[in-house]
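Quick caveat, the model's predicted, so the values are computed rather than measured.
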Amino acid sequence: MKRIYSHIIYTCLTIILLAGCKSDYPYIEYEGNPGKVEFDNIESLIPIMTTMNSPLYENHTRGTGIFNNEKDKDFYIYAFYTPKGKDGVPQSIDYSMNPQEEFHCLVDDPTGHGLKARLSEISSALEWVDTMVYYNNTYPDYRYRFFAYHVDDAVDMEKMQPNRHHDYVSYDIQIDGTQDLMCSCAQPTPEQLAKIKSLASPSNKDFINNLEKLTYSTQSAHRDLIPLFETKHQLAYIQFFLKVDSIVVIDSLGKEKKVIDPEVNSVFIENISIKNVPYTGEFIVAAEDTSRLGIYYGNKKKDIYLPVKVKTDSTGQIIKDSVGRITVSRDEEGKVMAGDPVGLNPRLKPKVEVQELGMGFLLPEAERYNVLLRCKQLKTDKDGNLKTLKYSQHFELVLPRDKNGNTCKFLSGHKYAVTIRIYGVRDIRLELEDIAWFDGGEIIIDDEN
């Protein structure tokens with residue numbers, strides 16, 4: 001099964017409806033020289049609006065569990081000046097400056113994190129949470145790069161400031177398998193560009209001839225060219241499912257038939273962990289060289305345990321059992337937490353029906369993941385005493401090589417389903433199926449390592 005991005009139709013709902021770029025465009029006075037466009041109402045401020053093609057990813061964020069959309073997520077927006085080779089404008093950049101300092105930063109907030117926005121409930125427009133910002137009428141030709149990012153709780157935004165450098169902005173992050181990190185630099189879509197270029201007015205000629213150098217600027221805002229973010233997930237999403245499967249036996253007549261091994265009824269899954277995962281790094285969320293956007297991991301590694309959703313009371317506090325353990329829940333209400341060595345409570349019993357284990361891992365890209373599966377079996381000895389036997393099994397998740405024989409990686413922006421099939425107490429296999437946000441192709445079944 002595959003899931004690919006659904007392209008959300010670009011819309012922008014606003015109380016200000018900007019007219020098309022015609023010769024009678026209300027903000028533009030055409031004097032007969034197609035190389036010169038003058039703004040008639042220079043004092044009229046144009047609100048900065050942005051929009052997003054939502055990744056539609058089932059997200060994990062602190063305390064809220066899985067989302068089917070991005071409506072409740074906080075995104076942070078920057079806009080930094082970039083000359084892009086246009087004559088007659090400053091050739092310097094400075095991503096360390098805030099909006100009160102000259103012209104280098106158009107969108108930010110006093111904390112330096114960028115201006116907070118959320119997706120509209122009824123469209124793909126991003127709505128500012130705290131204030132409205134406007135394009136700069138003093139410098140209508142100055143071009144800006146727009147950046148959007150979501151850092152989840154990999155950073156304490158109330159206590160930690162971003163690293164502001166001359167040509168980029170970054171955060172020092174730590175991940176635990178639950179954070180969904182995203183970032184993007186706005187780029188015009190082919191549909192937007194085609195719409196702009198289709199306008200036949202002579203007053204639009206100079207803008208079209210300098211389209212790249214004026215995107216995004218006050219001039220592009222007058223033409224309703226709104227920054228659009230194709231947001232990219234920075235981690236791979238690995239889900240685990242559990243299922244009892246039948247084995248083939250020969251009956252008394254010598255015929256093959258499929259049966260369920262009765263001993264699987266005494267098997268319970270305790271925990272899953274991914275071994276030696278990089279968990280610290282630098283997350284670049286804005287950069288003059290946009291190819292630098294993304295996460296750069298350090299050398300520190302640790303084991304990441306299966307994230308879980310736990311029951312909470314009416315105040316949001318975690319509910320524990322009589323011995324102080326949290327209770328794992330798949331109810332709609334609950335809080336997503338990083339896993340720990342204690343694992344699932346109660347332990348999960350395999351069934352013929354497919355069950356999802358925990359809440360899935362959000363992990364760095366890798367060529368392989370080393371998986372440790374912890375199980376237990378309840379067994380009655382010859383004296384009738386119930387005993388618990390615990391054991392672990394190691395698996396290596398790998399993808400097939402491509403048609404040229406090159407190694408393939410688990411990619412950020414893709415979701416992978418791993419089914420743990422229980423055939424018997426000691427016969428456990430993993431099966432992979434690609435459920436891609438992008439088209440990742442087929443994934444082979446990889447047996448126990």
Side-chain angles (χ1 to χ4, degrees), residues 5 7-18 20-21 27 45-55 70 73-84 86 89 93 95 99 103-109 113-120 123-137 139-150 168-169 182-197 207-208 210-232 284-293:
Y5 269 110
H7 184 71
I8 299 177
I9 298 176
Y10 164 68
T11 60
C12 180
L13 301 180
T14 177
I15 59 171
I16 301 176
L17 297 178
L18 301 179
C21 297
Y27 294 104
L45 293 175
I46 305 176
I48 295 175
M49 297 175 290
T50 61
T51 188
M52 176 181 292
N53 278 355
S54 173
E70 314 296 333
K73 285 187 171 296
D74 289 334
F75 290 90
Y76 295 87
I77 312 292
Y78 288 119
F80 292 108
Y81 173 75
T82 180
K84 197 59 180 181
K86 185 172 175 60
V89 298
I93 61 168
Y95 280 36
F103 55 85
H104 288 95
C105 184
L106 181 66
V107 178
D108 196 354
D109 82 336
H113 291 300
L115 201 58
K116 187 186 297 186
R118 288 186 176 181
L119 270 172
S120 165
S123 76
S124 58
L126 283 163
E127 298 176 342
W128 304 114
V129 172
D130 300 316
T131 186
M132 177 60 74
V133 285
Y134 301 87
Y135 281 95
N136 191 336
N137 280 342
Y139 309 110
D141 289 349
Y142 284 20
R143 177 182 186 264
Y144 292 85
R145 292 190 192 276
F146 281 76
F147 301 93
Y149 71 94
H150 172 73
Y168 75 98
V169 180
M182 293 180 276
C183 64
S184 177
C185 178
Q187 296 289 339
T189 66
E191 292 81 7
Q192 287 179 307
L193 295 178
K195 182 178 178 181
I196 291 290
K197 293 177 180 179
F207 179 78
I208 292 175
N210 292 278
L211 183 60
E212 184 178 5
K213 297 176 182 179
L214 291 169
T215 304
Y216 297 96
S217 65
T218 307
Q219 284 211 43
S220 67
H222 273 291
R223 292 163 173 83
D224 203 17
L225 183 55
I226 295 173
L228 185 146
F229 298 106
E230 294 278 358
T231 309
K232 296 179 175 61
I284 297 180
V285 298
E288 177 68 7
D289 178 1
T290 57
S291 67
R292 298 177 64 190
L293 297 179

(request) Find the distance between CE (M49) and CG (D224) and round it off to the nearest 0.5 Å. (result) 6.0 Å
(request) Can you sort out the partners of R143 under salt bridge (Lys or Arg N to Asp or Glu O under 4.0 Å), two or more places apart, ordered by chain and number? (result) none
(request) Apply side-chain contact (heavy atoms from CB on, under 4.5 Å) to A148 and list each qualifying residue two or more places apart in sequence or on a separate chain. (result) I77, F229
(request) Specify the closest pair of heavy atoms between D108 and L115, including all atoms of both residues, with the distance to one decimal. (result) O-CD1, 3.8 Å
(message) Using the side-chain contact (heavy atoms from CB on, under 4.5 Å) criterion, which residues pair with T215? Sequence neighbours excluded.
(response) P188, L211, L225
(message) Can you list everything that forms a side-chain contact (heavy atoms from CB on, under 4.5 Å) with N136? Sequence neighbours excluded, please.
(response) L106, T138, Y139
(request) Rounded to the nearest 0.5 Å, what's the gap from CG on D141 to CG on L214? Could you check? (result) 5.5 Å
(message) Run the side-chain contact (heavy atoms from CB on, under 4.5 Å) test against E288 and tell me which residues pass, sequence neighbours left out.
(response) T82, I93, Y95, R145, D167
(message) Checking E127 now: which residues fulfil salt bridge (Lys or Arg N to Asp or Glu O under 4.0 Å) with it, not counting sequence neighbours?
(response) none
(request) For this output row, return yes or no: ring centroids of Y216 and Y144 closer than 6.0 angstrom. (result) no
(request) Write down the atom of R223, the atom of I196, and the distance for their closest heavy-atom approach. (result) O-CD1, 3.7 Å
(request) Over all heavy atoms of both residues, which pair between M132 and P47 is shortest? Give the atoms and the distance, please. (result) SD-CB, 3.8 Å
(message) Testing the basics here: between C183 and L293, what is the closest heavy-atom pair and its distance to 0.1 Å?
(response) SG-CB, 4.2 Å
(request) Might you point out which heavy atoms bring F147 and A287 nearest each other, and give the distance in Å? (result) CZ-O, 3.2 Å
(request) Determine yes or no for a side-chain-to-main-chain donor-acceptor pair under 3.5 angstrom, with S124 supplying the side chain and N53 the backbone. (result) no
(request) Step by step, work out the side chain to side chain contact (heavy atoms under 4.5 Å, CB included) result for D109 and K116. (result) CA-CA 8 Å; D109 82 336; K116 187 186 297 186; over 6 Å; no
(message) To the closest 0.5 Å, what do you measure between CE (M52) and NZ (K73)?
(response) 10.5 Å
(message) Test side chain to side chain contact (heavy atoms under 4.5 Å, CB included) on V107 and I48; report intermediate values, then the result.
(response) CA-CA 9 Å; V107 178; I48 295 175; 3.7 Å; yes
(request) Any chance you could lay out the side chain to side chain contact (heavy atoms under 4.5 Å, CB included) test for I284 and V169, step after step, and finish with the verdict? (result) CA-CA 6 Å; I284 297 180; V169 180; over 6 Å; no
(request) For residues Y76 and H113, report the shortest heavy-atom separation together with the two atoms involved. (result) CB-O, 3.4 Å
(message) Would you call the rings of F103 and Y142 parallel, tilted or perpendicular, taking 30° and 60° as the class edges?
(response) perpendicular
(message) Let me confirm one number: the OG-CG distance from S220 to N210, rounded to the nearest 0.5 Å.
(response) 12.5 Å
(message) Please report the interatomic distance OH(Y78) to SG(C185), rounded to the nearest 0.5 Å.
(response) 14.0 Å
(request) Assess whether side chain to side chain contact (heavy atoms under 4.5 Å, CB included) is satisfied between R118 and L126, documenting all intermediate values. (result) CA-CA 5 Å; R118 288 186 176 181; L126 283 163; 5.8 Å; no
(message) Over 60° means perpendicular and under 30° means parallel, so tell me whether Y135 and F146 are parallel, tilted or perpendicular.
(response) tilted
(message) To the nearest 0.5 Å, what is the distance between CD1 on I226 and OG1 on T189?
(response) 11.0 Å
